[in-house]
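The structure appears below as structure tokens.
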Amino acid sequence: MDTERRRWLPLAGLALLAMIPVIAGLADDPYLVTIFTRVVILALAAVGLDFIIGYGAMVSFGHAAFIGAGAYTVGILAHHATNGTPLIPGVSWLSGTTAGLVAWPMAVLMAALLALFIGALSLRTRALYFIMITLAFAQMFYYLFVSLEGYGGSDGLILWDRNTLPLIDTGSAIQFYYLCLTCLAGTVFALRRVVGARFGRVLRGAAENERRMQALGFPVYRYRLAAFTIAGGTGGLAGALLANLQTFVSPGLLHWEQSGELMIMVILGGIGTLYGPVLGATALIMLEETLAAWTDHWMIVLGPILIFVVLFARRGLFGWLTGGRR
Amino acid sequence: MLLFLEQLLNGLQLGVMLFLLAAGLTLIFGIMGLINLAHGSLYMVGAFSCASVLASTGSFLLAVAAGVAAAGLAGLVIESAIMRPLYARGHLDQVLATFGLILFFNELVRIVWGPRPLFIDVPDWLAASVEIFPGAGYPLYRLVIIGIGLAIALGMWWLVQRTRLGMLLRAGAADREMVAALGVDTRLLYAGVFMLGAMLAGLAGALAGPLFAVEVGMGEHILIQTFVVIVIGGIGSIRGALLGALLVGMVDTLGRAYLPTVLRLIAEPATADGVGSALASMLIYLLMVVVLVWRPRGLLPAHGH
Amino acid sequence: MTDPLLCVRGLTHSFGAVRASDDVDLDVHEGSLHAVIGPNGAGKSTLIGQLAGEIRPDAGSIHFAGRDITRMPVHRRARNGLARSFQITSIFPGFSVRENVALAVQAHAGHSFRFWRRADAEVSLNDTAEATLDEIGLGARADTLAGELAHGERRQLELAMALAPSPRMLLLDEPMAGMSSDEAARLSDLLAGLKGRVTILLVEHDMDVVFALSDLITVLIFGRRVITGEPAEIRASDDVRAAYLGEAG
């Protein structure tokens with residue numbers, strides 16, 4: 001029965017993901033852990049995107065900007081810590097840091113503030129504009145980071161080390177992987193609660209019939225802005241984790257193609273499910289890894305696959321696996 | 001002063017190129033309610049086709065015509081195969097499907113023409129310099145582009161304001177369902193509008209060849225600028241597209257030319273140049289922000305939008 | 001005589017060259033049922049649109065419960081007790097019937113920046129929703145998906161959503177539209193029962209209902225208010241008869 005499948009399938013998926021380091025050990029393929037760390041981190045970002053697209057009907061094509069904001073926060077803080085220079089010239093006590101407990105909340109905060117700014121401007125206007133505006137803003141911040149010569153410009157910024165955390169050795173691939181997986185699981189769980197709560201109901205109602213929501217007495221704009229900000233924050237967390245995984249940040253993180261990739265993950269996996277994007281991230285990255293080994297031009301199939309899914313298989317992988325209606 | 005004039009004309013030239021793209025896109029938005037991210041791909045197809053035909057025939061006119069035709073053909077195929085089912089779907093589906101088209105076209109172009117950019121020269125008969133003022137020469141080619149762009153703007157104005165088709169376009173932009181209810185063959189209308197937009201994009205691409213590098217990804221770069229134009233100008237209106245395009249073209253060109261210089265007045269050269277060029281590349285987006293705060297629907301949106 | 005609950009003065013709005021509302025005055029007293037009638041194109045929808053806040057009047061004022069709401073946004077009017085139902089059914093097809101109404105109640109039960117507790121488990125919201133649904137006659141369908149309701153049931157849900165938060169005033173935009181005579185009769189009884197509890201501004205074409213229920217009737221023709229009076233007066237008026245010549249009575 002499909003509701004039961006919907007309940008245990010995510011748990012099964014989580015269990016499978018938790019087994020990855022074990023499988024990697026058995027297969028003697030440590031690279032598997034790296035790939036799946038990337039999967040989990042991007043899934044985290046995609047889940048945040050699904051929250052606003054799938055439940056809020058806010059089609060944002062600039063989600064990569066929040067990943068970039070989070071990543072660069074970590075990168076810039078690490079940069080100043082390594083160089084010993086203050087964040088703002090002259091203000092000596094504002095030093096950088098490589099402590100994860102400081103850098104990661106900062107990353108989330110900066111991304112959330114960025115989302116607040118972009119959302120405040122973009123949500124006032126029509127849905128059609130919203131897509132274009134979020135795309136344009138993301139590009140704007142891409143150019144901003146390209147121009148920041150002090151932080152690497154288009155070459156990007158190298159982190160000497162991952163952020164440090166108490167109790168956990170972030171340098172260990174396996175421990176870092178489980179840390180990311182915990183963040184993903186926590187985010188999915190939290191957002192599912194939000195979706196079922198009053199806030200989520202307002203968001204979903206506004207997605208179905210905004211006019212009626214206003215007539216009922218809901219100031220829809222405020223709720224949408226809050227949702228957009230939350231999504232931005234999750235993107236920031238993903239960015240912080242990504243910066244740590246790669247020990248490298250570059251403006252490419254904010255490029256619209258990255259935003260596009262996230263959207264593909266959401267639709268491929270199943271919009272408005274929160275679990276779907278995890279499937280989508282896995283599928284897309286596995287696709288990239290396997291097809292890229294065959295041919296340089298594997299991307300040519302990605303476009304048609306996407307079109308096919310949109311036109312004929314819209315419920316995505318999660319919908320297909322759970323069968324039945326949403 | 002002469003330098004300023006030159007930059008002004010450059011801004012105008014960029015503006016009309018953006019207009020060629022924005023006009024088609026805004027009509028498609030306004031009349032069909034369709035978001036088409038692949039519009040930039042049509043521009044790219046026009047550019048590459050033009051470059052190829054130029055290389056093999058040597059005739060620039062033929063090459064431009066080929067660019068327009070190729071884009072138009074691509075547009076026709078896209079419209080009937082992919083856009084038709086999308087008209088009824090929401091924006092998300094349209095964004096995703098047309099994004100899929102971008103990926104496809106980018107890779108297709110890479111396979112057919114290779115990954116490296118193509119460089120084509122301005123044809124000899126257009127390579128002269130025109131003395132617009134004593135002592136000041138300006139490239140003839142750019143003047144020709146400006147001329148073509150303004151001619152098309154005029155043509156579109158005539159089409160929209162003075163013909164029956166134009167009336168349908170205006171009505172469709174204001175109230176899509178009504179037009180369908182009136183018995184107009186919307187399938188034909190939509191296909192026609194889409195093809196028109198595609199051909200304009202192809203023309204822009206073909207003309208852009210000698211000015212910019214013809215490379216994969218050129219479509220998306222200008223697409224985003226076109227989006228900014230439409231947000232500023234307002235959806236559905238050609239006038240809005242023209243105003244927005246000229247504004248964006250001017251602001252971007254003059255900004256890049258003069259912002260570092262202006263900043264040098266208040267900061268030391270190194271900082272001024274750095275901040276200046278950074279700001280310059282963000283300028284049109286800042287303009288978009290300002291317009292959005294002041295006029296959330298754009299400066300000249302079509303009625304009903 | 002106390003001040004009217006809703007006080008409209010000089011309300012004017014044009015769509016291009018068409019004067020949809022032309023200097024309209026209207027008073028609706030608390031507890032009364034005031035109908036607005038007129039031939040098609042008379043400006044009834046525009047009037048409702050301005051009262052609800054979706055259309056901004058070019059001139060004139062609207063006062064509700066003593067407050068000037070002329071420029072107040074839609075959602076704040078609802079929060080102030082001015083509820084509205086739509087002529088073309090506007091519900092949430094993906095939610096259950098109960099959830100549709102619970103949402104309406106939720107809008108007035110504090111804020112919704114709550115992120116943890118399940119909304120569909122909130123007893124107070126559900127109780128009020130079910131009570132309203134019972135009163136309307138949809139109680140048995142509470143768990144049905146709103147998208148699966150028949151047309152008449154949707155109109156009932158439409159009304160239930162406006163009624164559930166116990167508004168001070170209801171703006172009803174052709175609530176009988178598309179209803180069978182049974183459904184219309186049931187709705188008419190319901191409205192009769194609401195009189196006194198809720199103030200109602202009713203836009204309707206069904207003349208039987210209008211004349212049976214109304215305390216006062218305003219007639220709009222081409223955007224202008226031609227006459228306001230008690231049903232008997234309106235029935236006897238020659239102007240009204242002339243305006244409706246050819247219209248089904």
Side-chain angles (χ1 to χ4, degrees), chain A residues 3 48 51-52 54-57 112 116 123-124 186-231 233-234 271-274 314-315 319 324-326, chain C residues 48-49 51-54 72-86 88-96 99-122 125 145-147 157-158 160-165 167 170-171 173:
Chain A
T3 33
F51 177 58
I52 52 171
Y55 296 94
L116 190 64
L123 287 168
R124 281 197 190 286
T187 303
V188 172
F189 178 69
L191 285 179
R192 279 211 73 88
R193 288 303 305 199
V194 172
V195 160
R198 277 199 180 197
F199 182 82
R201 200 193 243 178
V202 174
L203 208 61
R204 286 180 291 129
E208 274 203 31
N209 191 341
E210 182 182 342
R211 192 179 176 209
R212 194 65 207 253
M213 288 301 282
Q214 301 272 15
L216 287 181
F218 290 106
V220 171
Y221 172 76
R222 271 179 240 172
Y223 290 93
R224 286 200 164 140
L225 186 56
F228 195 71
T229 306
I230 292 172
T234 60
I271 300 181
T273 56
L274 290 180
R314 220 181 157 283
R315 276 183 10 250
R325 48 164 46 239
R326 203 186 346 140
Chain C
I48 294 261
L51 293 176
E54 286 185 337
M72 198 182 268
V74 175
H75 65 85
R76 279 189 57 202
R77 295 186 199 208
R79 290 279 278 196
N80 275 302
L82 182 61
R84 165 233 178 128
S85 78
F86 286 80
I88 299 176
T89 309
S90 182
I91 56 179
F92 303 102
F95 290 16
S96 71
E99 251 201 308
N100 268 261
V101 185
L103 240 186
V105 182
Q106 184 180 318
H108 294 260
H111 67 83
S112 287
F113 283 98
R114 312 235 176 121
F115 301 93
W116 189 258
R117 279 189 63 206
R118 289 190 62 99
D120 58 13
E122 276 194 59
L125 297 182
L145 218 55
L157 177 58
E158 175 70 38
M161 287 165 74
L163 202 52
L170 275 175
L171 301 172
D173 196 353

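Numbered from 1 within each chain, the chains take letters A, B, ... in sequence-line order.
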Non-hydrogen atoms of A/A197 and C/A119 that approach each other most closely: C-CB, 3.7 Å

Among A/A215, A/G200, A/A190, residue most engaged with chain C (heavy-atom pairs, under 4.5 Å): A/A215

Step-by-step side-chain contact (heavy atoms from CB on, under 4.5 Å) determination, A/R198 to C/H111: CA-CA 9 Å; A/R198 277 199 180 197; C/H111 67 83; over 6 Å; no

Per-residue contact mode, A/L191 against chain C (heavy atom under 4.5 angstrom): neither

Portion of C/A164 that has a non-hydrogen atom of chain A nearer than 4.5 angstrom: neither

A/Y221, part contacting chain C, at a heavy-atom distance under 4.5 Å: neither

Stepwise side-chain contact (heavy atoms from CB on, under 4.5 Å) test for A/M213 and C/L103: CA-CA 9 Å; A/M213 288 301 282; C/L103 240 186; 3.9 Å; yes

Closest-packed option against chain A by number of heavy-atom pairs under 4.5 Å, given C/A102, C/A107, C/S112, C/A83: C/S112

Interface moiety of A/R204 toward chain C, non-hydrogen atoms closer than 4.5 Å: both

Separation of C/F92 CZ from A/R212 CZ (nearest 0.5 Å): 7.0 Å

Interatomic distance, C/F113 atom CZ to A/F199 atom CZ [nearest 0.5 angstrom]: 6.0 Å

For chain A, the option from C/P167, C/P93, C/A52, C/S85 that forms the most heavy-atom pairs under 4.5 Å: C/P93

A/R222/C/H75 under side-chain contact (heavy atoms from CB on, under 4.5 Å): CA gap, chis, key distance, verdict: CA-CA 12 Å; A/R222 271 179 240 172; C/H75 65 85; 4.2 Å; yes

Donor-acceptor pair between A/R201 and C/Q106 side chains, under 3.5 angstrom: yes

Region of C/L82 in contact with chain A, defined by heavy-atom distances below 4.5 Å: neither

Chain A contact via C/A109 - side chain, backbone, both or neither, heavy atoms under 4.5 Å: both

